[in-house]
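To find a chain, count down the sequence lines: A is the first, B the second, and so on, and within it residues start at 1. Remember, it's a predicted structure, so these values are computed and weren't measured experimentally.
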2 protein chains.
Amino acid sequence: MHSGTVASRSADPKDSRESKNGGRPPLDAVSLAIIEQLQEDGRRPYAAIGKAVGLSEAAVRQRVQKLLDQGVMQIVAVTDPLTVGFRRQAMVGIHVEGDVEAVADALTAMDECEYVVMTAGSFDLMVEIVCEDDDHLLEVINGRIRAVPGVRSTESFVYLKLKKQTYMWGTR
Amino acid sequence: MHSGTVASRSADPKDSRESKNGGRPPLDAVSLAIIEQLQEDGRRPYAAIGKAVGLSEAAVRQRVQKLLDQGVMQIVAVTDPLTVGFRRQAMVGIHVEGDVEAVADALTAMDECEYVVMTAGSFDLMVEIVCEDDDHLLEVINGRIRAVPGVRSTESFVYLKLKKQTYMWGTR
DNA sequence: GTCTCTGCTTGCGGATTTCGCAGGAGTGGG
DNA sequence: CCCACTCCTGCGAAATCCGCAAGCAGAGAC
């Protein structure tokens, strides 16, 4: 029902330059503040957020709902995978020949790829892999990733220890 | 109050091999299921989670609280930084001489480092940097990171486009 | 000017959820 | 056996969520 609002926006000719990253105006200052609140505590009640950002409870509720619908943010539990039983993680740098985006899409479709980003530098693509054990990791990297058409070569960086993991941009 | 529980556990001699990653038994199956639920929706009510994992509402609440207190998981809003006004991101690979962990700690203390991990491979450390613009990025990488004692050299991979970002391990 | 659209506010009530606390069951130590 | 500890359940009271309605203000379009 809320998505109807978004759809009507897309129909607006002025929004034709809308791309996948979301061609919407960078983001309102108040919404930023709301996101900050939820980055500190994803379960913080709407009333408390409203008090913090200077909005009514209902307004906060509407904004949060829209932000979620639009995919601008998501409220989720995050963990250190090592703690949750995934014993092998790695960052993999990839050299691509041909269409980088196509390769990225193929990797995105893999469950074990938790993070996929196109980069400038000596790698065209960097992906983070989450696996249960060494065999699994080997199978994913040497079996599946290298099998993707366009992947010229890969370089792996197995995780030894996760030192920091935050989601607090804007909170500074 | 709940932290007291943790402290008493630490006092147990059997837990002496407890390290920073948390020397606790890999994690209960039920807790795993709870985390899965919260990875799908960080605001899902305790009663609904309880129904899904076969526990009472109160029990789920206690478990979640403990998981949060222990730092096993956190419930937060996550966004694509590009959407939120941070226009420059980069992964930085670092070669270290001397104590890798000390360097990692120094980088962890920097606000702009969102992600710090010790790796095996041609880099000793990989860190993800979130900045507002090119100047900021330059200052962080060439000014601050390289100034950390023990950093021998760095290699940067500027983000062009974030293709995937999930937090759904265990959901497969 | 008027009309319309969008977004915020206030207020409301009912359903739902959160939260604290009083037990009860199971375990391991002395 | 008893104690201490952990984990669970059940149950009210308080707070929160959620939908809805009416009113208002600003921005455009015409």
Side-chain angles (χ1 to χ4, degrees), chain A residues 1-16 18 22-35 37-38 40-70 72-77, chain B residues 1-16 18 22-35 37-38 40-70 72-77:
Chain A
M1 42 213 63
H2 274 282
S3 55
T5 306
V6 178
S8 64
R9 281 187 56 112
S10 309
D12 185 340
K14 190 175 41 174
D15 285 358
S16 59
E18 181 169 306
R24 358 180 192 275
L27 210 44
D28 183 288
V30 180
S31 292
L32 251 309
I34 292 176
I35 293 177
Q37 294 290 317
L38 290 172
E40 289 176 15
D41 176 7
R43 275 182 170 257
R44 184 163 299 169
Y46 295 135
I49 299 175
K51 198 162 303 182
V53 307
L55 240 56
S56 70
E57 175 266 349
V60 173
R61 203 185 335 137
Q62 291 165 23
R63 289 228 188 194
V64 169
Q65 193 55 53
K66 191 186 304 182
L67 289 171
L68 294 174
D69 287 345
Q70 289 178 166
V72 173
M73 75 169 179
Q74 40 184 332
I75 301 176
V76 294
Chain B
M1 41 211 67
H2 274 284
S3 55
T5 306
V6 178
S8 64
R9 282 187 57 112
S10 309
D12 185 341
K14 189 176 42 178
D15 286 359
S16 58
E18 180 169 307
R24 354 179 198 277
L27 211 46
D28 184 289
V30 179
S31 292
L32 250 309
I34 292 176
I35 292 177
Q37 294 289 318
L38 290 172
E40 289 176 16
D41 176 7
R43 272 180 171 260
R44 184 163 298 169
Y46 295 134
I49 299 174
K51 198 161 304 181
V53 307
L55 240 56
S56 72
E57 175 267 344
V60 173
R61 197 184 344 133
Q62 291 166 21
R63 289 228 188 195
V64 169
Q65 193 55 52
K66 189 188 303 181
L67 289 171
L68 293 174
D69 288 344
Q70 288 178 166
V72 173
M73 75 171 179
Q74 39 185 332
I75 301 176
V76 294

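- Pairs of residues two or more places apart, or lying in two chains, that qualify as salt bridge (charged side-chain N to carboxylate O under 4.0 Å, His left out) and include a residue from residues 41-54 of chain B are B:Glu40-B:Arg44.
- Between A:Tyr46 and D:dC18, a side-chain N or O to OP1/OP2 separation shorter than 4.0 Å is present.
- Legend: residues meeting side-chain contact (heavy atoms from CB on, under 4.5 Å) with B:Ala59, ordered by chain and number and at least two apart, are B:Leu55, B:Ser56.
- In this structure, A:Asp69 atom CG and D:dC18 atom P are separated by 12 Å, rounded to whole Å.
- To the nearest angstrom, P of C:dT6 lies 19 Å from CG of A:Leu55.
- Nearest-nucleotide positions on DNA chain C place A:Ser56 closer to the 5' end than the other of A:Ser56 and A:Arg43.
- Whole-Å rounding puts the A:Ile49 CD1 to D:dC18 P distance at 12 Å.
- Rounded to a whole Å, the CZ atom of A:Arg63 is 18 Å from the P atom of D:dC17.
- Across all non-hydrogen atoms, the minimal contact from A:Ser31 to A:Leu67 is CB-CD1, 4.3 Å.
- Of all non-hydrogen atoms in A:Ala33 and A:Val53, the two that sit nearest each other are CB-CG1, 3.6 Å.
- Residue A:Gly50 comes nearest to A:Val60 through the heavy atom pair CA-CG2, 3.5 Å, listed as atom of the first residue, atom of the second, then distance.
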Pull out every protein N or O sitting under 3.5 Å from an N or O of nucleotides 19-21 of chain D, one pair per line with the distance.
residue : atom : partner : partner atom : Å
D:dG19  : N7   : A:Arg61 : NH1          : 2.9

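- Summarising the geometry, the separation between CG on B:Asp41 and C1' on C:dT17 is reported as 14 Å, rounded to the nearest angstrom.
- Where B:Arg44 and A:Gly54 meet DNA chain C, the nucleotide closest to each residue was compared, and A:Gly54 sits on the side nearer the 5' end.
- Residue-level contact check: B:Ala59 touches the bases, meaning some heavy atom is under 4.0 Å from a base atom.
- For the residue pair B:Gln74 and B:Leu68, the shortest heavy atom distance occurs at CA-CD2, 3.9 Å.
- One end of the helix from C:dG1-D:dC30 to C:dG30-D:dC1 points its axis 30° away from the other end's axis, with each axis taken from 5 pairs and the angle rounded to 10°.
- Between the P atom of C:dC21 and the CD atom of B:Gln65 lies a distance of 14 Å, rounded to the nearest Å.
- Qualifying side chain to side chain donor-acceptor pair (under 3.5 Å) partners for B:Glu57, counting only residues two or more places apart in sequence or in other chains: B:Arg61.
- Taken from OH in A:Tyr46 to CD in A:Gln65, the straight-line distance is 6.5 Å, to the nearest 0.5 Å.
- For the atom pair CD1 of B:Ile34 and CZ of B:Arg63, the computed distance is 5.5 Å after rounding to the nearest 0.5 Å.
- Between B:Leu38 atom CG and C:dT18 atom P there is a gap of 10 Å when expressed in whole angstrom units.
- The phosphate of D:dT6 has neither OP1 nor OP2 within less than 4.0 Å of any side-chain N or O from B:Lys66.
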